Structures are given as structure tokens and as C-alpha cells.
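These notes are about the structure you will find just below.
Here the structure is a predicted model, which is why all the values come from computation and not from measurement. Heavy-atom basis, side chains included; hydrogens, waters and symmetry copies ignored.
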Amino acid sequence: GDCWGLARLPFPDAPPRRRRRWSARDRGRRGRLQVRSKSGVEAVVAMSDSGASDGEFEYTPPPAPLPDGVQKEILEKGDQKNWRKPKEGDDLTVHYVGTLQSDSSQFDSSRDRGEPVTFTLGKGQVIKGWDLGIATMTKGEKARLTIQPEFAYGEQGQPPTIPPNAVLIFEVELISWVAKDDLFGDNGVVKAIVQEGVETWKNPPKNSEVCISLQATAQNGTVIEDRPELDYVIGSGDLGPLSRIVDKTLLNMSKNEKCSLACAKDYVYKDSGHGKVTVELELKQMYNTNDVSMLSDGTVMKKSVVEGEDHATPEDSFAVTLRVVSATDGTQPLPGFTGPKELKFKCCHGDVCDALEGAARDMKKGERAIVTCTVPWKAREAQLGLAEVDVPKIVFTLEMIDFTKGKEMWNRSDEDKVELALFRKDVGAQLFKARRFELALDKYKKVIETIGSHDNFHEDLKKGCAELKRTIELNKAACYLQLGDPTNALASCNKVLREDRNNVKALFRRAKAHHGRTEHVEAEADLNRVLELEPGNTEARAMIPQVRRAQKIADKASKNTFAKMCEGFGKIGSGREAKKEEPKPVEPEPPQEKPDKVQVTFKIEYKPQDGEIVHVIGEPELLGEWDASRTVAMTKLPQKWEPPVGSGRAPPEHHHWEVTVELPEELGRFEYQYLIRGPSGDRQEQGSKHKCDLTGMGGSRMRCTDSWRGEFA
């Protein structure tokens, strides 16, 4: 029942002035389209949900229409699920019974012999009528072909069974065929499908990750490569000389499909002596990778490795049971992890960390997924023993055990929707107080979705819904400001001020948004308006000096830029332009030795106790070779001046320590840690070591800004 938009493009195999092709401009669609040009040419296109951005699809050239000398009558339709038809070069297996039209006498039958016949389509191995007629059949189809002499045995016949100029009738059943494709059009690699896949309309796109099975065999039977289960990114080149042919093949394969690639001598492994190479390839799984972070910023990515049931996923407030199978840093298990463990929580209520919240709402029942988080605080979960995890990457293996559906939105009354919106608002407020700003913002967006179409509500509910939407937009603005997104905060404030131009909260938060966008004049105007409405507003009064100071700095920078521009314009045409001196011959400089030293600056933040000093210790000799008596002391940097925040509170303190050491490039990759030395003794990091690589950095500077790892001992 869907309506598809079709754009006309050229058919690749038609004459230049009569080419027609259609593409479906719709992502995420599945199924097949059969289209017909004005001239009657038909084509079948398989729509994919792989996300092709330019309407890409698989194009199957239709067989040529049968000539008058070959007539076809379908006796039994083929497999309706398999719409494909054989093409030239495919190996076909058929059963047939041949009779003469003149007297209906049978002259040949594979069924009587009990063995079907096999031939290659379009290569002249059978009569021309067969090549033309069987090319129009589908798998399992039975048809009657009436073939005139010019498409059979002609004037000569085939004595003694077939007389001259005989009209032949064949009842043919297309049992199966092995599809063969010349991948690059040079007979270098010929693909033969060994086993049809499922969901043949769904193919993996380039740069997607798949699980494959691969075996490459030399002409003498020696196994060159055997990868029974390999996770591979299409286009990554990780398979070396096999990458090109495997990439080309995978783009047109479907799940569970098996194929054989016959490679010409030296086509893949050049000058290797392997001869003709055969590659057996199976596409076991296509991984769907989604961004499940609350802000869609790529910080939490989910890769589905086992597909779940149906298409339903948990919605807001659904009761979820999620099994956390493992937690690693990408290679090693995280210390303190108490799993495997089942977590039971309500979706998007903040009961678990942001990484698990985002992943859970995108998982189907029974689905197994690998979730990678690159922001440590989003993966800190006390229930898993990871309350203080601080590594660059956290990788969870998750399994959605079950979730209980709540009441569907379409089945709720207007009063129920308002009640649900108020409940979500309260949950959002709790999340905001807990500084879960991303999750709170998501909750506020859900409130807007719940009562978005309140125009159809009862009159007594409309007013309350309008006021609730204004409150939610203000709360969204507060979240955006905390997340460092002044542009969206500005948009939310403007929505409120369009309906209530004297809303003090909206004016003040819009002033902060303008200030964050360096629009200081607009910010000061909003703050002055706030003071007109509320003369005692201390926050607005404290923020005005900050805005004026920032505007003064911006004006000074603009003045200097404008002065330089005017000075340059004044010189044009006055003869005062700087004349270019004639280039002096450059004497060749004596060859200089390539510098082999690297200036490495180590930096870390730590608030010291009385008498404590931070040291750096490491593998190189200049860092003590892990000898605590030879560590390098660091210097505490002075506190930088920062303007007070909008609330009038003092800015946060920073305690940065820094030291610069000149190290030889030849060290290459080395490890180091930090050590705190004080009156009570030395305390050294016990977590994973920091790493630094000096390869190719001779004569340059490198800065290592680190955070603490693990506990101290």
C-alpha cells in the first residue's frame, strides 16, 4: 500500500537514446519493485534497507522477449519466494520430456532415465530454443515450450529420432541452477552461488561490519587461508590480497549465502605459485551498528551480534531485564566488575548509567549486542562494581532478557496523557538534580511528545498543557546550557518568549545562551530587561559585569583588526606599497643532522595535601627506570584567573602539575606513571600504565595530558 517515488535514470544495457532506469528515493525500505518502460521492457529491482544514500539497488537485466518461433506455456508456477531467473553463464539443472508435434511421439526424456540434465545457459550447449525459453523460467517452474525448426534442429533434423523441419514440444522443469557472475568483467574471478541466502533483498553496505567464513585453496589443494569465523569491515583491506574480491562479493550477498570464487592464475596471489585459487565464502551475519548515545554524538555505539525477536524495543518507563555479560577496556576485563549480572530497571528513569540506558532502549528481546562507550562517566555503574571506572574505552557485552510493555500511547485518554506528562516531568527534574543532564533532556523531550497534539484535548486541559509545555521548554534550555549547547538553549527560550514576552526565567537563560554564543550586546539587553521586571535579581546583576567585560575584549579585538584593514587600504595606489625585493641567490646550507630529541611535557591535575609534590616515573632512564629514588618532580602551575559564573559563586579551582623532559626519539614507545611524594611517604598509581610513542617525533614537542588511573599504593 506504500507509494514509491521513482526517478528516471538510464538503463545500462539499452541504446544511448533509449535508456531508461528507475531508482527508489527512499531509505530503509524492503521488498521488490517491478517496473516497465514505455517500450514494454521490464526490470525487477530489489530494495535494500542498508541505507544507500543515492537510491542504490540491485539491477537484474530482464531476459529478451521470446521470438515467434519459441512459444511458452506455464504449467506450474515456480517458487514465489525466489523471483530470480537464470542468466547467461549459469549452470542449470532441468528435467524434460520431448515429443514431436506432428504425431505426439516421445523422442527423449530425462525422467525416464531418472537423471536430470545439466548445461550452461547461453553457451550453445543445447538447442537455441532452450537457451531462450528456459532463461524466462524461475526455480521450480514447469513449462511447455513449442519450438519451431529454426530454433531446434532445422532442415537436417537429428535422425533417426527427429525428422527434418520438425516442430518440437518440451515439457521442462527448472530444478535449480548455480548462478555465476564475472565479478570484474575480465574472467579473473567468477562467482558461483552454492547456497542461497535469506532476505535476499538485504545486502551489507560498504564500511559495514560483517561476520564471514572464508577459505582460500590453491590449485593443488593446499589451504592458503582458513578463517572459519571472522569479523570484517567491508572496505578495510584487512584481508590483504583477498580484500578486493571479497569486498566486491559481499556487497551483493545476503545472510547465510555461500558462494565459491574461482580465481584465475596469479589474479589474487601474484607470482606465488598457487595457480588457480578457489575461495569459499559465507556471509554468516550482518552487524547493525547504531549510535545509542542520548545526544547522538557517537560516544556510545551499539553493535548487534545476535538479532532479537520481532521489531519491538523498550519504550520510556518499560520494565527491563538486561544481562551484562562482560565489561572490558577493549582487550582486558575491567577490574572490579561483578558480572555477569542481570539488571532490572525502568527504561530511561536513571536507574542505570547512561550507556546502559541508551543501549537498552534500542534492543529487541533476545538480542545480544556489544556496546562501546568512549566517555568514562557514562559507563560508571555501581551495581556492576564500576562506580569509579576511568579508562578511555569501556566495552559491554549485553543481552536483552525481557521487557514488559506498558500501556500504548494510542490507547490512553487525554487525561492519562497529561498525567503521564507530569510524571515524566518529575522524573526529569530528579535526573537534573542528579546532574544526569543528557537523560533529563531526553525525558523532557518525551513530555513534549506526550502532549504535543493537545489542540484536540478538552478545554479544561488545553490551558494546563500550554503552561506545561512552556515549563518544559525552560527546563530543556537549562539542560542545553549545562551541556554547552547555547544554540538549542536559545531556540527553547524563544519558544517561551513568543507566548510570554516577560517570562523572567526565559529572558535570563536566553541571556546566558547569547553570552555563550559571544552575542554580548543581546545578552546585556536581556539582562537589563530581567532587572526591569525583577530589580532584586542577584544572578542577573552579577552577570552584567561579565558580559560587559567580554564585550570590551571583543571590541578591542575588532578595533585592532579594523585598523590593520584601513592601514592596508590606505597604501593602495599611493606608491607606499611594500616593494618586493629581488630575490637574492640562496646559498645551499650545509647538511644538518636530523634532530633526535623530543621535548615531552607531562601534565596532570591533582589537589595536593600539605607538603605533597607530584612526580613522574617511567621506563626511560631520564624518568628513573621505575626507580622511585630517581623520579622527576613536577611543578604546580599557578591558578588562572577566570570570571565568576552567572550565579555569583567563585569559579572552580584547578590544580595542574607540569614538567618538560627531553627524551631521545630512539626510545620509541614507552610507559610511565605518576607518583605523589609527601610527608607520609610515596604513593604510586596502581592502574594501567600511561603510554607514549616518540617514533618519528625527533626535533618536535609532545604534550601528554593525563588523568589518574586506579588507586594509589
Discussion item. Donor-acceptor check, side chain of Lys72 to backbone of Leu66, threshold 3.5 angstrom: yes or no?
Written reply: no

Worksheet item: Can you tell me how far CZ of Phe151 sits from CG of Leu132, rounded to the nearest 0.5 angstrom?
Response: 6.5 Å

Discussion item. Measuring only between side-chain heavy atoms, which start at C-beta, is Val189 closer than 4.5 Å to Cys263?
Written reply: yes

Item to complete: Run through Ile212, Leu251, Val246 and flag the one making a side chain to side chain contact (heavy atoms under 4.5 Å, CB included) with Ile234.
Response: Leu251

Worksheet item: Lys378 and Asp297: which non-hydrogen atoms are nearest, and at how many Å?
Response: NZ-OD2, 3.6 Å

Worksheet item: Run the side chain to side chain contact (heavy atoms under 4.5 Å, CB included) check on Leu183 and Val190 step by step: do they pass?
Response: CA-CA 6 Å; Leu183 293 185; Val190 177; over 6 Å; no

Discussion item. Any side-chain to backbone donor/acceptor pair from Thr249 onto Ile245? Under 3.5 Å, distance only.
Written reply: yes

Worksheet item: About how many Å separate OG1 of Thr450 and CZ of Arg412, when rounded to the nearest 0.5 Å?
Response: 8.5 Å

Worksheet item: Is a donor on one side and an acceptor on the other found under 3.5 Å between the side chain of Asp310 and the backbone of Ala312?
Response: no

Discussion item. Applying salt bridge (charged side-chain N to carboxylate O under 4.0 Å, His left out) to Glu225 and Arg227, what does each step give before you reach the verdict?
Written reply: CA-CA 7 Å; Glu225 289 192 49; Arg227 309 280 189 92; 3.6 Å; yes

Worksheet, complete the sentence: With Ser260 as partner, the option from Lys180, Lys191, Glu280 fulfilling side-chain hydrogen bond (donor to acceptor under 3.5 Å, both in side chains) is Glu280

Practice prompt. Decide yes or no for Tyr267 and Arg244: does some side-chain heavy atom of the first lie under 4.5 Å from some side-chain heavy atom of the second?
Written response: yes

Worksheet item: Once you round to the nearest 0.5 Å, how far does CG of Leu322 lie from CD of Glu357?
Response: 10.0 Å

Discussion item. Is the shortest side-chain heavy-atom distance between Glu171 and Leu75 below 4.5 Å?
Written reply: yes

Worksheet item: Are more than 12 heavy atoms from other residues, nucleotides or ligands located less than 6.0 Å from atom CG of Asp68?
Response: no

Worksheet item: So, Lys405 side chain and Glu315 main chain: donor-acceptor pair closer than 3.5 Å or not?
Response: no

Practice prompt. Decide if atom NZ of Lys87 counts as having more than 12 heavy atoms of other residues, nucleotides or ligands within a radius under 6.0 Å.
Written response: yes

Worksheet item: Which atom pair, heavy atoms only, marks the closest approach of Val300 to Cys373?
Response: CG2-SG, 4.1 Å

Worksheet item: Under a 4.5 Å cut-off applied to non-hydrogen side-chain atoms, are Ile224 and Val277 in contact?
Response: yes

Discussion item. Please determine whether salt bridge (charged side-chain N to carboxylate O under 4.0 Å, His left out) holds for the pair Arg111 and Glu173, giving the CA-CA distance in whole Å, both sets of side-chain angles, and the decisive distance to 0.1 Å.
Written reply: CA-CA 10 Å; Arg111 296 189 182 278; Glu173 178 186 0; 2.5 Å; yes

Item to complete: Answer with yes or no after comparing the ring centroid distance for Trp130 and Tyr96 against a 6.0 Å cut-off, counting only values under it.
Response: yes

Fill in: Backbone of Ala218 reached by a side-chain donor or acceptor of Thr222 within 3.5 Å
no

Worksheet item: Has Gln106 got more than 12 heavy atoms of other residues, nucleotides or ligands less than 6.0 Å from its CD?
Response: yes

Practice prompt. Give, for atom CG of Leu145 and atom CD of Gln71, the distance between the pair rounded to the nearest 0.5 Å.
Written response: 10.5 Å

Practice prompt. Would you confirm whether Asp291, through its side chain, and Ser293, through its main-chain N or O, come within 3.5 Å as a donor-acceptor pair?
Written response: yes

Worksheet item: Is a donor on one side and an acceptor on the other found under 3.5 Å between the side chain of Ser109 and the backbone of Asp112?
Response: yes

Worksheet entry | Any donor-acceptor N/O pair, Asn256 side chain to Gly197 backbone, under 3.5 Å | no

Item to complete: May I ask you to check whether Thr93 and Asp91 show a side-chain donor-acceptor distance below 3.5 Å?
Response: no

Item to complete: Taking the side chain as every heavy atom from C-beta outward, state whether Lys255 and Glu307 have any atom pair closer than 4.5 Å.
Response: yes

Worksheet item: For Pro149 and Val167, which heavy atoms make the closest approach, and how far apart are they?
Response: CD-CG2, 4.0 Å

Worksheet item: Can you check whether Gly237's main-chain N or O pairs, donor with acceptor, with Ser243's side chain at less than 3.5 Å?
Response: yes

Item to complete: State the CG-NZ distance between Leu92 and Lys139, to the nearest 0.5 angstrom.
Response: 11.5 Å

Discussion item. Determine whether Gln215 and Val279 satisfy the following criterion, side chain to side chain contact (heavy atoms under 4.5 Å, CB included), listing intermediate values before the conclusion.
Written reply: CA-CA 6 Å; Gln215 185 180 75; Val279 179; over 6 Å; no

Item to complete: Decide yes or no for His95 and Ile175: does some side-chain heavy atom of the first lie under 4.5 Å from some side-chain heavy atom of the second?
Response: yes

Discussion item. Surrounding NZ of Lys346 (heavy atoms of other residues, nucleotides or ligands, distance under 6.0 Å), is the total greater than 12?
Written reply: no

Discussion item. Counting only heavy atoms from other residues, nucleotides and ligands, does the tally under 6.0 Å from CD of Gln195 exceed 12?
Written reply: yes

Practice prompt. For the pair Lys258 and Ile193, evaluate side chain to side chain contact (heavy atoms under 4.5 Å, CB included) and give the outcome as yes or no after the intermediate values.
Written response: CA-CA 6 Å; Lys258 295 180 181 179; Ile193 297 178; over 6 Å; no

Worksheet item: For the ring pair Tyr287 and Tyr232, is the centre-to-centre distance below 6.0 Å?
Response: no

Fill in: Beyond-backbone contact of Lys302 with Met363, side-chain heavy atoms, under 4.5 angstrom
yes

Worksheet item: Which atom names give the shortest non-hydrogen contact between Ser110 and Val94, and what distance separates them?
Response: OG-O, 4.3 Å

Practice prompt. Can you measure from OG (Ser213) to CG (Asp226) and round to the nearest 0.5 angstrom?
Written response: 7.0 Å

Discussion item. Taking the cut-offs as 6.0 angstrom to the six-membered ring centre and 45 degrees off its axis, would you call Arg361 and Phe318 a cation-pi pair?
Written reply: no

Practice prompt. Would you mind reporting whether Leu174 and Pro86 have side-chain heavy atoms less than 4.5 Å apart?
Written response: yes

Worksheet item: Which pair of non-hydrogen atoms, one from Lys365 and one from Phe403, has the smallest distance, and what is that distance?
Response: N-CE2, 3.8 Å

Discussion item. Between Asp354 (side chain only) and Gly358 (backbone N and O only), is there a donor and an acceptor less than 3.5 Å apart?
Written reply: no

Fill in: Derivation and outcome, salt bridge (charged side-chain N to carboxylate O under 4.0 Å, His left out), residues Glu309 and Lys364
CA-CA 6 Å; Glu309 304 173 7; Lys364 307 177 186 69; over 6 Å; no

Worksheet item: If you draw a 6.0 Å radius around NZ in Lys303, do more than 12 non-hydrogen atoms from other residues or ligands fall strictly inside?
Response: yes

Worksheet item: Which pair of non-hydrogen atoms, one from Asn288 and one from Lys202, has the smallest distance, and what is that distance?
Response: ND2-NZ, 4.3 Å

